[in-house]
Amino acid sequence: MKETGTPSTGALSQQARSISDDLMPRPFGWQGKIWVATLVFIVVVGLFFYTQQVREGLGITAMRDYSTWGIYIANFVFFVAISLVGSLISAILKLSGARWSTPLTRISEMIAVAAILFAALVIIIDMGRPDRFLNVVLHARIQSPITWDVLVISTYMVISILLLYLPMLPDLALLRDNYKTAPAWQQKMYRVLALGWNNHPDQYRILHRATRILAIMIIPVAFGIHTVTSWLFATTLRPGWDSTNFGPYFVSGAFMVGAGGVIAAMYIFRTHYQLGKYLTDKHFDYMGRLLVLLSLVYLYFNINEYFVPAYKMKAQESAHLEELFTGRYSLLFWMVQLAGMIIPIIVLMFRKGRKPRPMFWISILVILGAWFKRFLIVIPTLSHPLIPMNRVPEAWQHYFPTLREWWITAATLAGALLIVTILARLFPAVPVVETIEESTEKDPIASGNVNDA
Amino acid sequence: MNTIKGVYIVYLKWVLLLLVAGLTGTLQAQEEEADEPEKADAIMELRFKEANNTAKFLTAIVKAEVDEFYQPMEGVEVRFYRKEAAPENLIGSSKTNAKGAAICDLEEDEATFFGADPDFVYLATIENSDTYNDLEEMITVAESDFSMDLQTEDDTRQILISLQGIDENGEQVPVADAEVGIYVTRLFGLLRVSEDMEFTDEDGSLLIDFPADIPGDENGMVTIVAKVDEHERYGFLELRKKIDWGVPVVIDQSMYERELWSSRANAPWYLIVIVNAVLIGIWGSILYIIYEVAQIKKIGRQAQKA
């Protein structure tokens, strides 16, 4: 972002006008309408079942004395993980000077905000008495990782919203001044949200400083949020969770699925909003390389996580590991390892694999693998308590979610996608002003010199 | 013809009148039946209890059948009498608690109410209850003298129990073959000290060794309880004595210190400082940024005016 030479809030040059027209939010086409209707339907059905859960209690789920955590918590960990993409693209890449990531920042922040909102929501869904949620705050034990998690999630949520909103101020001013075909309420919204932005150098100076502080601040908070989430498990003595490796293991997995999420979103925005000029093959290529790197790091932590306990095969760990490697969860376990990690690494090592379409399908594999990976982290461990429980019906020793649990979980996933969809409908998914500014400079992507950029 | 018609109308009127009267009567009878729901049968157990030879009281436990099981009934009024259920003999009344027990305190010297008669007769009744049929339960008990001496002989701690009672002839006699339980109080109940059943001998006495390894409080104090349960003539008797025969326990204070595993009020200072410092640092920065955002708006407004 520059303080001078930026597109004015009034008249735009021809080139700027062309970019602006390309990137302006557009009404939904028929595909968009079907997409939104499908998401709304899933959310409504999920809400219906959630009202049943509030009325009848967690008994409508398959969670019992053994599996006191189910897919709600697995889903929560997944949401927290994918929300880390905001810090990866908006902070880590941005601060390291990788300017090629500029068109991806808005998409990643939208995903981050939607994911972290639903991560917080899923925790409330998992509570048998959501009306007592405030007690978590009012009677918090500062020694408890649950308290740290509540603190760090709310902090990360606020920073993510600010990091989505603040860099969007010039775009909001542009929309306020040029998007006259928008409905009156939408124009009023742009006017309010633009905060009187008029490209004043002092405004740019403040914005630049604020976004830089946020970008620096979000990195430790992002590491904190997923490390603390991993500690919810690692601070217990249960087989499969009792690990000193869990913090970096979770963080590396989060960055990996976050990158996968951005790639999938990039492809959808590129194809449905015809943004091929802005989300180019080169962007996919760089994101593919980044995903390979992140997957390799995650693979390294996976080897540590499973190989070391498997080498020792302590009595309590062995039942858990055998269940994963050769037992009840083995098919899912090996599918997750292969399809969600090994195949992406192999495919993305080749230039052809880093083209948009294969990248999209690979990213879907990564996302699905990541979701089921969280399932494998949370659920099998609970089947092996260190102190066996007495007088528990046999059925309670195995967990498979009920249909209503699946619907409620699907509704949270649909809800997060709906938020991203609505945000992209109201605001430019690719930063307009920054793209216009960069178009007047030497294009780092076109020149292929990413380091220079 | 008119006469026949007139008779027919009168006949119809009578039939209608009878029908209405019959219907009204039936309905009224049904209403009366509905007004008087059937009462349930309850069962009652009456106990005489005496603690430390002074506090005497009666306990009536009321149960009724619910779902094929007898359950304690709460809120049932029970009246207690001496000798027979007459108003002048009424001791008092009380309602049953959640355990189905209604309790009635007795005088320390009950003999004054019974004169020379060595048998004390008590009754408990349920009368005029809306829910239960009338019920009466009676017990006959006699006065007793239950004592416990704690002594040490050759480093062995011993409990000497003595049980004397008034027999049918009004004579004080030793009570033989009475089962006596010796306990110590624990946090949630009583712990039996002797494993086997213990009975008084022909002198009404019983000598029991007290184990040397029973944990006491910080000073080694234990409360020893001697109980006679459900004696057919003397009822429930109980004695309690406190003595320093326990092994002093060293209470683990770590739960009350500022440690990670303590309650929220005892969080370690270093954790409080670190967490709050991090929160103040981050949220201070967030508030600063929000302030800066307000400045952006202010600058925009000033520029617009200019």
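The shown structure was predicted, so the numbers you read here are calculated from the model rather than taken from an experiment. Note: hydrogens, waters and symmetry copies are ignored here, and every other heavy atom, side chains too, is used. Protein chains get the first letters and strands the later ones, always in sequence-line order, with residue 1 at the start of each.
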**Request:** Work out which heavy atom in B:Val293 is nearest to a heavy atom in A:Leu195; give both atom names and the distance.
**Result:** CG1-CD1, 3.2 Å

**Prompt:** Is atom NZ of B:Lys49 surrounded by more than 12 heavy atoms (other residues, nucleotides or ligands) closer than 6.0 Å?
**Reply:** yes

**Request:** Taking heavy atoms only and a threshold strictly under 4.5 Å, list by residue number the residues of residues 149-158 of chain A that touch chain B; give 'none' if the list is empty.
**Result:** A:Leu151, A:Ser154, A:Thr155, A:Val158

**Request:** Select one option (side chain, backbone, both, neither) describing which atoms of B:Val275 are under 4.5 Å from chain A's heavy atoms.
**Result:** side chain

**Complete:** So CD1 of A:Ile206 and OH of B:Tyr291: to nearest 0.5 Å the spacing works out to 8.5 Å

**Item:** Donor-acceptor contact present, side-chain B:Gln295 to main-chain A:Asp202, <3.5 Å
**Value:** no

**Prompt:** For B:Lys297, does the NZ atom sit with more than 12 other heavy atoms under 6.0 Å from it, leaving out its own atoms?
**Reply:** no

**Fill in**
For B:Gly300 and A:Asn198, the nearest pair of non-hydrogen atoms, with its separation, is O-ND2, 3.6 Å

**Proximal component of B:Ile282, with respect to chain A [non-hydrogen, under 4.5 Å]** = both

**Message:** Rounded at 0.5 Å granularity, tell me how far CD1 in B:Ile299 sits from OH in A:Tyr204.
**Reply:** 13.0 Å

**Message:** At a 4.5 Å cut-off on heavy atoms, which part of A:Leu214 comes close to chain B: side chain, backbone, both, or neither?
**Reply:** both

**Message:** Are there over 12 heavy-atom neighbours, none belonging to B:Phe199, within less than 6.0 Å of that residue's CZ?
**Reply:** yes

**CD1 on B:Ile290 to CG on A:Leu166, rounded to 0.5 Å** = 9.0 Å

**Prompt:** Does atom CZ of B:Phe69 have more than 12 heavy-atom neighbours, drawn from other residues, nucleotides or ligands, at distances under 6.0 Å?
**Reply:** no

**Fill in**
If one checks every heavy atom of A:Ala140 against chain B at 4.5 Å, the contacting part turns out to be backbone

**Message:** So which atom in B:Pro268 and which in A:Gln143 form the shortest heavy-atom distance, rounded to 0.1 Å?
**Reply:** CD-CG, 3.9 Å

**Prompt:** What are the two closest heavy atoms between A:Ile142 and B:Ala267, and how far apart are they?
**Reply:** CG2-CB, 3.4 Å

**Asked** By a 4.5 Å heavy-atom criterion (distance strictly below it), what part of B:Trp283 contacts chain A: side chain, backbone, both, or neither?
**Response** side chain

**Request:** Give the C-alpha distance, both sets of side-chain angles, the deciding distance and a yes or no for side chain to side chain contact (heavy atoms under 4.5 Å, CB included) between A:Met217 and B:Ile286.
**Result:** CA-CA 9 Å; A:Met217 207 160 61; B:Ile286 290 171; 3.7 Å; yes

**Prompt:** Backbone N or O of B:Ser262 within a donor-acceptor pair of the A:Arg141 side chain at under 3.5 Å?
**Reply:** yes

**Request:** Would you mind reporting whether A:Ile213 and B:Glu292 have side-chain heavy atoms less than 4.5 Å apart?
**Result:** no

**Prompt:** Based on non-hydrogen pairs under 4.5 Å, which of B:Arg264, B:Glu259, B:Arg301 is most in contact with chain A?
**Reply:** B:Arg264

**Prompt:** For A:Leu162, is it the side chain, the backbone, both or neither that has a heavy atom under 4.5 Å from a heavy atom of chain B?
**Reply:** side chain

**Prompt:** Around atom CD1 of B:Ile139, are there more than 12 heavy atoms of other residues, nucleotides or ligands at under 6.0 Å?
**Reply:** yes

